[in-house]
Amino acid sequence: MRFSQAFIPTLKEKPAEAEIPSHTLMIRSGMLRKLGSGIYSYLPLAKKVINYIETIVREELDDKGCQEILMPVLHPRELWEMSGRWAVYGPELMRLTDRHDREFALGPTHEEVITLIAKYDIKSYKKLPINLYQIQTKFRDEIRPRFGVMRSREFIMKDAYSFDKDKAGLQKSYDDMYDAYSRIFARCGLKSVAVEADVGAIGGSSSHEFMVLAETGESEVLHCECGYAATSENAKIAPFDDHSSEDMKELAKIHTPDRKSVEEVSAYLGVLPEKLIKTIVYKADDGFVAILIRGDREINNVKLANFLQCLNLEFATEQEIENIVKSVAGFVGPVGKKKIKIYADENLKSAKNMVTGADELDYHYKNVNLERDAHIDKWVDLVQAVEGDLCPKCGKPMTSFRGIEVGQIFQLGDKYSTSMEATYDAEDGTAIPYQMGCYGIGITRTMAAAIEQFHDKDGIIWPISISPYEVELINLSPAEEDITSFCDNVYEMLQDVFIDVLYDDRDEKAGFKFKDADLIGIPIHIIVGKKNFENEMVEIKIRKTGEKITCAFDDIVEKVEQLIDDLYEEIDKNVE
RNA sequence: CGGGAUGUAGCGCAGCCCGGUAGCGCGCUUCGUUCGGGACGAAGAAGUCGCCGGUUCAAAUCCGGCCAUCCCGACCA
């Protein structure tokens, strides 16, 4: 492609709306333009990257025997009522009404549609297992779209659905997808890691998220050298140090005037925050509960919501604490008989001689020993894991990094097949619900994640496997006829050997073209300037390292082919 | 939805407090010079000042309402 003909509207200045590198760079490099909040047009460079990512996805999935289909974006309300998700999916489901007042959703995911397809047309065990996928625009009415394509309301996603006869089959399909995903992200040139994940609203049992490592990632991942890795919201931990060796002391009420927070009480009494127990009252779906957590730690809301099996979870108000719990905000505690259920983080089980609220204004208890002084309805893992916590598998301290979630795989089991009465006929003729799995990859998010992982102050540094072009040929002297006709020639020769090349033939200053080339981030630049030209040489620059090599005219094609091979080899060695 | 901000030329912004009919930089068009890290000169095109209403002789500017966009928090590929 000649740059002079290409639609690549680059920008010198940073756009006001962009916060993170991928967003800024996609706009500046002429890949992306905004239409509305969380709604974007993909210009030619972006579309090429998307195509390359999709090609890798298709190749790897097809290799596992998956088959591509295309399902509708528009879903009738009745379909979502079959699974019960019209009600539970919540405001994130983009809903609309047609001229006859019929209600529809714009599909955020396609479990319902695919299950219906299977229900009608995959009736025999002989047809199983089967895995169907699509690459489709998805809609999610995000509370707050941000970071450009990273969290948008409309995005391109690959979603696959597996159907198996039994759990063992599902496990096999799941393992295949796990393997395919690892290969896909590696082939995209990305450093990624699979972590244990929360199943969230989709439901089901086992799940992994694939995270691309990047400082700007929205998720914190805890991992251990033994291989354990999980998002911080989902991470389990080995119990922290206990105090079981202490003797239980006598319970005592102490005056703590106007000291409510952990910091205040801990400073006033001269004890460490870890000797305090916070008692937090929540309003859950079916009533109020009190949760106990060590003073220096936080409650993990995902764990709590999962444990309580509830959709809405909020703090009780001061009024509710007074009226329902018969206590005082800031001084709530577990000692004595209570009207509501009390659940304690299991790490408190061995804690001795703790400080808690005394359910009375300006008073706390000291020397509280939960098993002696309180009634705990259940001990549960509720703590938010942090860096330094011990690995649940091997007990070593875990470290943390940030990541961008680019894919997630789930074992759904028979959740949808049962609710939608989708069954196959087994060998003995009985109707059995499919065992299903679902597997997503955010295509456009993967593109953004690649930029987050690979950029510098000058612009994007594309991994060659998903780069919009493999080579950028830069003519620094378009006014010189001999140089230009030479460049035209090189352009032809490269195309003849199927190298995808962007040819900067524009009548612009050298610096201008260099800046654009660095910004756009094509991995290999061939620079044709006057001085080198007179010596029958060109310069080849590697975008990633900045390394510049000179190359004789006759060797250009061979050298470039070799450099391309090297870059692919570097990627391939990380593909299992 | 709560908190904070912004809306003026394609992009980035000033002007608003103190009302008098719009300006700067980049980009764009033409010409000339320049030509290895976002050149210079000259000439030019381009804006219903987010929308609706109010106050006023007069509104980008003051007042009210609405809309949109962005940032911080709770959700997710």
Side-chain angles (χ1 to χ4, degrees), chain A residues 9-20 23 27-28 30 33-39 53 57 89-93 108-110 135-160 181 197-202 207 209-212 218-219 231 233 301-302 305 311-315 403-410 438-449 458-459 474-480 483 506-519 525 527-533 538-539 541 546 548:
Chain A
T10 59
L11 259 31
K12 185 150 61 171
E13 285 176 279
K14 181 189 165 184
E17 71 192 56
E19 281 289 307
I20 60 169
H23 191 192
I27 293 170
R28 285 196 52 213
R33 289 295 183 265
K34 184 175 75 177
L35 184 61
S37 178
I39 314 173
I53 295 172
V57 167
Y89 206 90
E92 230 168 72
L93 186 63
T109 176
H110 283 66
I135 296 175
Q136 172 68 286
T137 297
K138 302 295 175 105
F139 295 83
R140 230 159 259 189
D141 195 354
E142 287 287 344
I143 297 171
R144 181 152 89 89
R146 67 188 126 165
F147 303 141
V149 113
M150 199 74 89
R151 175 164 305 284
S152 52
R153 293 196 292 178
E154 183 182 324
F155 54 96
I156 301 171
M157 181 172 153
K158 185 284 302 176
D159 49 324
Y181 274 38
D198 181 56
V199 293
I202 291 184
S207 176
E209 286 176 353
F210 286 77
M211 315 286 298
V212 165
E218 288 188 275
S219 312
T231 54
E233 15 177 77
N301 285 320
V302 175
L311 295 169
N312 295 302
L313 197 57
E314 50 191 89
F315 294 124
I404 299 163
E405 185 192 344
V406 288
Q408 186 163 10
I409 57 180
F410 298 88
C438 79
Y439 317 92
I441 290 179
I443 301 286
T444 40
R445 181 182 271 194
T446 299
M447 169 168 65
D458 295 315
I474 304 172
N475 179 0
L476 293 183
S477 306
E480 310 271 341
I483 294 182
R506 295 175 300 173
D507 183 19
E508 294 288 354
K509 301 256 299 178
F512 187 93
K513 294 187 183 182
F514 287 141
K515 289 288 185 189
D516 259 0
D518 287 344
L519 177 61
H525 303 167
I527 299 156
V528 185
K530 207 168 187 176
K531 230 177 207 158
N532 281 319
F533 181 78
V538 299
E539 184 176 277
K541 176 179 158 181
K548 291 173 179 171

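By convention in this document, chain letters (A, B, ...) are assigned in the order of the sequence lines, proteins followed by strands, and residues within each chain are numbered from 1. Just so it is clear, the values below take in all heavy atoms, side chains as well, and ignore hydrogens, waters and symmetry mates.
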Between rU6(B) and rU48(B), how far is it from one P atom to the other, in whole Å? 24 Å
Can you tell me the pairing partner of rG2(B) across any strand shown, Watson-Crick or G-U wobble, with both distances under 3.5 angstrom? rC72(B)
Tell me which nucleotide among rG38(B), rC75(B), rC70(B) gets nearest to the side chain of Arg151(A). rC75(B)
Atom CG of Asp507(A) and atom P of rC40(B): how far apart are they, to the nearest Å? 16 Å
Taking the side chain as every heavy atom from C-beta outward, state whether Lys541(A) and Phe514(A) have any pair of such atoms under 4.5 Å apart. no
Winner on side-chain proximity to Ser152(A), out of rA77(B), rC75(B), rG37(B), is rA77(B)
Candidate nucleotides rC76(B), rG73(B), rA77(B), ranked by approach to the side chain of Arg146(A) - the nearest: rG73(B)
Euclidean distance for C1', rC52(B) against rA60(B) (whole angstrom): 16 Å
Strictly below 4.0 Å, N to O, side chains only: are Lys530(A) and Glu480(A) in salt-bridge contact? yes
Testing rG37(B), rC75(B), rG27(B) for proximity to the side chain of Lys12(A), the answer is rG27(B)
State, to 0.1 Å, how close His525(A) and Asp518(A) come at their nearest heavy-atom pair, and which atoms those are. CE1-OD1, 3.6 Å
For Leu35(A) and rC70(B), what is the distance between atoms CG and P respectively, to the nearest whole Å? 12 Å
What is the base-pairing partner of rG23(B), counting Watson-Crick and G-U wobble geometry with both distances under 3.5 Å? rC13(B)
Centroid distance under 5.5 Å and plane angle under 30°, Phe514(A) vs rG36(B): no
For a quick check of understanding: with a heavy-atom distance under 4.0 Å over all strands, which category does Ile409(A) fall into, base, sugar-phosphate or nothing? nothing
Atom of Arg153(A), atom of Pro145(A) and distance for their closest heavy-atom approach: CG-CG, 3.6 Å
Inter-residue atom distance Ile527(A).CD1 - Asn475(A).CG, 0.5 Å rounding: 11.5 Å
Heavy atoms only, 4.0 Å cut-off, all strands: where does Lys34(A) land among base, sugar-phosphate and nothing? sugar-phosphate
Rounded off to whole Å, could you give me the CZ-to-C1' distance for the Phe155(A) and rC76(B) pair? 8 Å
Kindly compute the distance separating CE (Met211(A)) from OG1 (Thr231(A)), expressed to the nearest 0.5 Å. 7.0 Å
Is a donor-acceptor pair below 3.5 Å formed from side chain Glu508(A) to base rG38(B), judging by atom type as modelled? no
Between Arg28(A) and rG27(B), is there a side-chain N or O to OP1/OP2 distance below 4.0 Å? no
Atom CZ of Phe139(A) and atom P of rC75(B) are separated, to the nearest Å, by 24 Å
Closest to the 5' end of RNA chain B, once Glu19(A) and Met157(A) are matched to their nearest nucleotides, is Glu19(A)
If I pick the C1' atom on rU30(B) and the same atom on rC11(B), what distance separates them, to the nearest angstrom? 22 Å
In whole angstrom, give me the gap between the C1' atoms of rA22(B) and rA9(B). 11 Å
Taking any heavy-atom pair under 4.0 Å as a contact, classify Gly529(A): base, sugar-phosphate, or nothing. base
Would His110(A) and Lys138(A) count as having a side-chain donor-acceptor pair, cut-off 3.5 Å? yes
Taking CZ from Arg153(A) and C1' from rC75(B), how many angstroms apart are they, rounded to a whole number? 15 Å
Atom P, compared across rG47(B) and rU8(B): separation rounded to whole Å: 15 Å
Output the distance between atom OG1 (Thr446(A)) and atom CD1 (Ile53(A)), rounded to the nearest 0.5 Å. 5.5 Å
Using atom CE of Met211(A) as one end and atom C1' of rC76(B) as the other, report the distance to the nearest whole Å. 11 Å
On the side chain of Arg140(A), is there an atom forming a donor-acceptor pair with the base of rC76(B) - under 3.5 Å, no angle test? no
Spacing of Leu476(A) atom CG relative to rC35(B) atom P, expressed in whole Å: 13 Å
Within the structure shown, what part of the strands sits under 4.0 Å from Asp516(A) by heavy-atom distance: base, sugar-phosphate, or nothing? base
Distance check, C1' atoms only: rG64(B) and rU55(B), in whole angstrom units. 11 Å
Ser207(A) side chain to Ile409(A) main-chain N or O, any donor-acceptor pair under 3.5 Å? yes
About how many Å separate CD1 of Ile27(A) and CD of Glu13(A), when rounded to the nearest 0.5 Å? 13.5 Å
Mind checking the C1' distance from rU69(B) to rG12(B)? Whole angstroms is fine. 16 Å
Any side-chain N or O of Thr109(A) below 4.0 angstrom from OP1/OP2 of rA77(B)? no
Closer to the 5' end of RNA chain B via nearest nucleotide, is it Glu539(A) or Val406(A)? Glu539(A)
Please name the nucleotide paired to rU29(B) by Watson-Crick or G-U wobble geometry with both distances under 3.5 Å, or report none. rA43(B)
Do nucleotides 11-16 of chain B as a string where each nucleotide becomes B, S or -: B if the base has a protein heavy atom under 4.0 Å, S if just the sugar-phosphate does, - if no protein is that close. BSS---
Output the single nucleotide from rA77(B), rC35(B), rC72(B) whose closest atom is nearest the side chain of Lys509(A). rC35(B)
Counting N and O atoms only, with roles assigned by atom type, does the side chain of Lys158(A) sit under 3.5 Å from a partner on the main chain of Tyr439(A), one being a donor and the other an acceptor? yes
Report which part of the nucleic acid Asn532(A) touches: base, sugar-phosphate, or nothing (heavy-atom distance under 4.0 Å, all strands). base
Let's see if you can work this out: which of rG36(B), rG38(B), rG73(B) has an atom nearest to the side-chain heavy atoms of Arg144(A)? rG73(B)
Should rG36(B) form a Watson-Crick or G-U wobble pair with both distances under 3.5 Å, which nucleotide is its partner? none
Inter-nucleotide C1' distance (rG73(B), rC26(B)), Å rounded: 36 Å
Roughly, in whole Å, what's the span from CG in Leu519(A) to P in rG37(B)? 18 Å
Is there a Watson-Crick or G-U wobble partner for rC51(B) with both distances under 3.5 Å, and if so, which one is it? rG65(B)
